[in-house]
Trainee: 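One structure follows; several queries about it will come next.
Just follow the structure's listing: the first ligand is 1, and inside any ligand the first atom is 1. Throughout, residue positions are numbered sequentially from 1 according to the sequence presented.
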Amino acid sequence: MDKILVLDFGGQYSQLIARRVRELRVYSELIPYDTPIEQIKERKPCGLIFSGSPSSLVKNKNNKAPLISTEIFNLNVPILGICYGMQMIAYLLGGKITASGNNEFGRTNVNLDLKSTLFNGLRQNEICWMSHKDSVSVLPKNFKVIASTPSLPIAGFENDKGDIFGIQFHPEVIHTPSGMEILKNFLFKICGCLPTWTMVSIIESQVEIIRNQVKDGNIICALSGGVDSTVAAVLVNKAVGKKLTCIFVDHGLLRYGEEEQVIKTFKKNFKINLVYINAKERFLLKLKDIVDPEQKRKIIGNEFIRVFEEQAKKIKHVEYLVQGTLYSDVIESGTRDAAKIKSHHNVAGLPKDMQIKLIEPLRQLFKDEVRKIGIELGLPEEIVRRQPFPGPGLAIRIIGDVTEERLEILKKADKIVIDEIKRAGLYEKIWQSFAILPIIKSVGVMGDERTYAYPIVIRAVSSEDAMTADWVKLPYEVLERMSNRIINEVQGVNRVVYDISSKPPSTIEWE
Ligand code: XMP
């Protein structure tokens with residue numbers, strides 16, 4: 001399988017580059033910039049892409065800017081440097097970088113040299129998207145300029161051999177309309193890749209990897225009923241068959257009727273061993289009086305693993321736990337080069353002394369890619385189209401402490417939100433819709449009496465991959481029905497508000 005490795009220097013769009021390459025049907029993975037050159041070579045990539053970075057090679061007093069060893073150029077694999085990636089190529093090969101003076105952010109007109117294979121089929125003038133402070137001011141030896149803008153004489157370069165390229169703008173963002181054409185030229189005309197990577201090939205390669213990894217022994221899978229863990233379970237089942245047992249842990253933080261629903265759907269559609277564990281009490285006990293969101297997430301992640309370890313002992317000879325972890329869970333939980341936003345229970349919420357080893361076949365992918373695999377695997381629509389629900393469940397939608405009483409309020413309100421979204425035919429059109437229970441109370445008047453009760457927050461967002469999200473402009477009638485029903489049907493609530501914030505700067509969940 002042809003493979004493009006994207007070296008991550010900490011740029012905002014690193015993961016987007018890998019994803020765009022996969023959209024062009026070439027397998028791609030994001031790897032840390034300081035992965036040993038030997039390991040990169042062993043993986044036999046047909047091309048390398050260097051990402052952007054928040055670092056500067058101009059203001060690099062303490063040598064903190066990430067650099068790759070110049071040995072990378074001896075691999076004779078085509079390279080495309082984007083933004084910082086381009087500057088670093090110039091820096092390493094004897095060119096010069098300067099602070100541009102004018103920071104360039106946003107749409108820019110770029111003048112392209114159409115003789116360069118990288119720009120085959122494009123127009124001489126294209127719109128591109130820039131986001132940089134530094135730029136290349138002197139080319140390395142044996143390089144020529146292939147792109148420029150009115151304020152940036154070197155917006156792109158290429159070496160004489162035609163296998164090292166740099167562009168200062170970002171082809172991976174939608175604001176560079178011809179960006180995909182540039183990536184296509186790099187993949188197909190320069191690296192010689194073939195567009196053969198499909199959801200079928202990822203299924204086949206994952207099945208093979210898992211088979212080779214596991215050999216003897218049994219495996220358990222953390223099943224939540226959502227698309228990620230179900231796809232992971234079906235993939236592993238394809239690889240190891242009856243050796244797999246799925247464990248569905250009910251932590252008491254599920255939505256109204258969810259336990260029965262998950263078991264029913266799973267049993268109806270799959271012939272995979274399933275064990276249901278009622279762990280409501282132990283989770284709620286551990287969460288008692290805990291108000292800090294990060295603490296909640298860690299307690300839940302920890303407790304999940306403890307339950308899985310106990311089950312592993314019962315089943316015997318279990319070495320591996322399968323999780324449906326996605327790339328967005330990994331990046332948000334913080335990597336060495338990316339800041340921590342929140343500890344996803346299945347990544348940064350894991351205990352340090354965990355005994356069981358993990359298998360995470362979806363760790364490099366985004367949810368919409370996993371949905372496509374789900375369709376390929378023949379999963380039913382009701383699972384593939386299910387809105388995401390976080391592993392820590394309602395605990396991170398109840399601000400403040402999680403009590404039975406507050407859980408009950410949120411479950412009822414949440415059910416109304418989902419019912420009304422479905423009734424309006426919107427469930428599959430939006431990414432997520434749900435209710436949140438804040439810690440505050442406010443004054444109201446019901447039946448001539450004063451009330452002092454909780455508000456419910458409604459949140460509905462659209463998104464492609466959970467990395468960014470927009471609040472949905474729900475019709476007023478839908479909001480009105482939700483509000484009336486929640487206030488009338490849910491005791492302890494006297495007010496309903498709608499969250500009109502996007503991500504960033506907010507996040508989808510409140511905690
Ligand atoms: P945020 O709130 O970070 O959420 O914008 C992004 C997406 O991830 C889901 N989410 C989680 N999923 N474990 C999960 O399995 C977690 O700890 C977790 N935290 C957030 C969230 O529902 C949204 O789809």
Trainee: Less than 6.0 angstrom from the centroid, inside 45 degrees of the normal: does K422 satisfy that with respect to the ring of Y427?
Mentor: yes
Trainee: Between R255 and E258, does at least one N-O distance fall below 4.0 Å, as a salt bridge requires?
Mentor: yes
Trainee: Is the NZ or CZ atom of R397 both under 6.0 Å from the centre of the six-membered ring of F434 and within 45° of that ring's axis?
Mentor: yes
Trainee: What I want to know is whether R297 and ligand 1 share at least one N or O pair that is separated by under 3.5 angstrom.
Mentor: yes
Trainee: From the options E464, E369, E29, select the one residue that forms a salt bridge (charged side-chain N to carboxylate O under 4.0 Å, His left out) with R19.
Mentor: E464
Trainee: Could a heavy atom of W431 be found less than 4.0 Å from some atom of ligand 1?
Mentor: yes
Trainee: Test your reading of the structure: does K342 have an N or O sitting under 3.5 Å from an N or O of ligand 1?
Mentor: yes
Trainee: From atom 14 (C) of ligand 1, work out which of G391, P504, G349 has a heavy atom at the shortest distance.
Mentor: G391
Trainee: Among K296, H344, M467, which one puts a heavy atom closest to atom 18 (C) of ligand 1?
Mentor: H344
Trainee: Of E511, K503, E509, R459, which has the heavy atom at the shortest distance from atom 6 (C) of ligand 1?
Mentor: K503
Trainee: Please tell me whether F304 and F283 form a close aromatic pair, meaning their ring centres lie under 6.0 Å apart.
Mentor: yes
Trainee: Would you say ligand 1 has an N or O under 3.5 Å from any N or O of P388?
Mentor: no
Trainee: Within 45° of the six-membered ring axis of Y454 and under 6.0 Å from that ring's centre, is NZ or CZ of K441 located there?
Mentor: yes
